[in-house]
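Start at 1 with the first residue, then count along the sequence.
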Amino acid sequence: MAYDEGLAQRIRERLGGRPEITEKRMFGGIAFLAHGNMAVGVSGDDLMVRVGPDGTDAALARPGTRIFDMTGRPMKGWILVAGDALTEDDVLGAWIEEGRAFAAGLPPK
C-alpha cells in the first residue's frame with residue numbers, strides 16, 4: 001500500500017531537526033518515532049496519531065477522525081485523521097505535536 005509522500009514530507013518539515021525523531025516503514029506506510037516510540041505516521045492518505053487511551057474519546061470528537069483499525073481489532077490509544085482534514089498547516093501541526101508529546105512521555109526504547 002502506498003502512502004501520501006506529500007503528507008510525510010509535511011511531517012518531516014514539522015519534526016525536522018529534533019534528534020529524538022526517527023523514521024521507520026511500518027503498517028504499509030511510514031512512522032515517525034520519538035525516542036523509539038511511535039508518535040505519528042502516514043497510512044495511505046491518512047495520518048496515524050498516538051493519543052493514548054485517555055485521549056481517544058476527545059480525539060475522536062474532532063473533525064475527520066476515526067479509530068485506527070487495520071485488522072478488525074481497534075488499536076487502543078490510536079486514531080486516524082483523514083488526509084482531507086489536514087489541509088491547514090496548523091491543524092496538522094496540532095496533531096503532530098499531540099502524538100509527539102504522548103510518545104515523548106513514554107520510556108525510551
Find out whether Arg100 and Ile21 are in side-chain contact, i.e. whether some heavy atom of one side chain is under 4.5 Å from a heavy atom of the other. yes
Test of understanding: with ring pair (Phe, Tyr, Trp, His ring centres under 6.0 Å), list the residues that count as partners of Phe68, not counting sequence neighbours. Phe27
Going by the ring pair (Phe, Tyr, Trp, His ring centres under 6.0 Å) test, which pairs reach into residues 48-67, not counting sequence neighbours? none
With sequence neighbours left out, which residue pairs that include part of residues 41-65 fulfil the ring pair (Phe, Tyr, Trp, His ring centres under 6.0 Å) condition? none
[atom1]-[atom2] distance between [X] and [Y], expressed to the nearest 0.5 angstrom:
| X | Y | atom1 | atom2 | result |
| --- | --- | --- | --- | --- |
| Ile11 | Leu15 | CD1 | CG | 7.5 Å |
| Ile30 | Leu7 | CD1 | CG | 11.0 Å |
| Leu33 | Met26 | CG | CE | 6.5 Å |
| Asp84 | Asp46 | CG | CG | 8.5 Å |

Got a sec, which pairs hit salt bridge (charged side-chain N to carboxylate O under 4.0 Å, His left out) with one end in residues 23-37, sequence neighbours left out? Arg12-Glu23
Considering all heavy atoms of both residues, which atom of Tyr3 and which atom of Ala8 are nearest to each other, and what is their separation? CE1-CB, 3.9 Å
All heavy atoms of Trp95 vs all of Thr65, minimum pair found to be CZ2-CG2, 3.6 Å
Validation: residues 101-109 side-chain donor-acceptor distances under 3.5 Å, sequence neighbours left out:
none

Using residues 47-64 as the side-chain source, report each donor-acceptor pair under 3.5 Å to any protein atom, sequence neighbours left out, with the distance given to one decimal.
unit_1: Arg50; atom_1: NH1; unit_2: Met38; atom_2: O; d: 3.4
unit_1: Thr56; atom_1: OG1; unit_2: Gly52; atom_2: O; d: 3.0
unit_1: Arg62; atom_1: NH1; unit_2: Glu98; atom_2: OE1; d: 2.6

Answer yes or no: is there a donor N or O on one side and an acceptor on the other, between the side chain of Arg10 and the main chain of Leu86, under 3.5 Å? yes
Ignoring hydrogens and angles, write down the donor-acceptor pairs under 3.5 Å from the side chains of residues 69-79, residues two or more places apart or on other chains.
unit_1: Asp69; atom_1: OD1; unit_2: Thr71; atom_2: N; d: 3.3
unit_1: Asp69; atom_1: OD1; unit_2: Gly72; atom_2: N; d: 2.7
unit_1: Asp69; atom_1: OD1; unit_2: Arg73; atom_2: N; d: 3.0

Of all residues at least two apart in sequence or in a different chain, which pass the side-chain hydrogen bond (donor to acceptor under 3.5 Å, both in side chains) check with Arg18? none
Taking only residues two or more places apart in sequence or in another chain, which ones pass side-chain hydrogen bond (donor to acceptor under 3.5 Å, both in side chains) with Glu20? none
Results of salt bridge (charged side-chain N to carboxylate O under 4.0 Å, His left out) for Arg14 - residues two or more places apart only: none
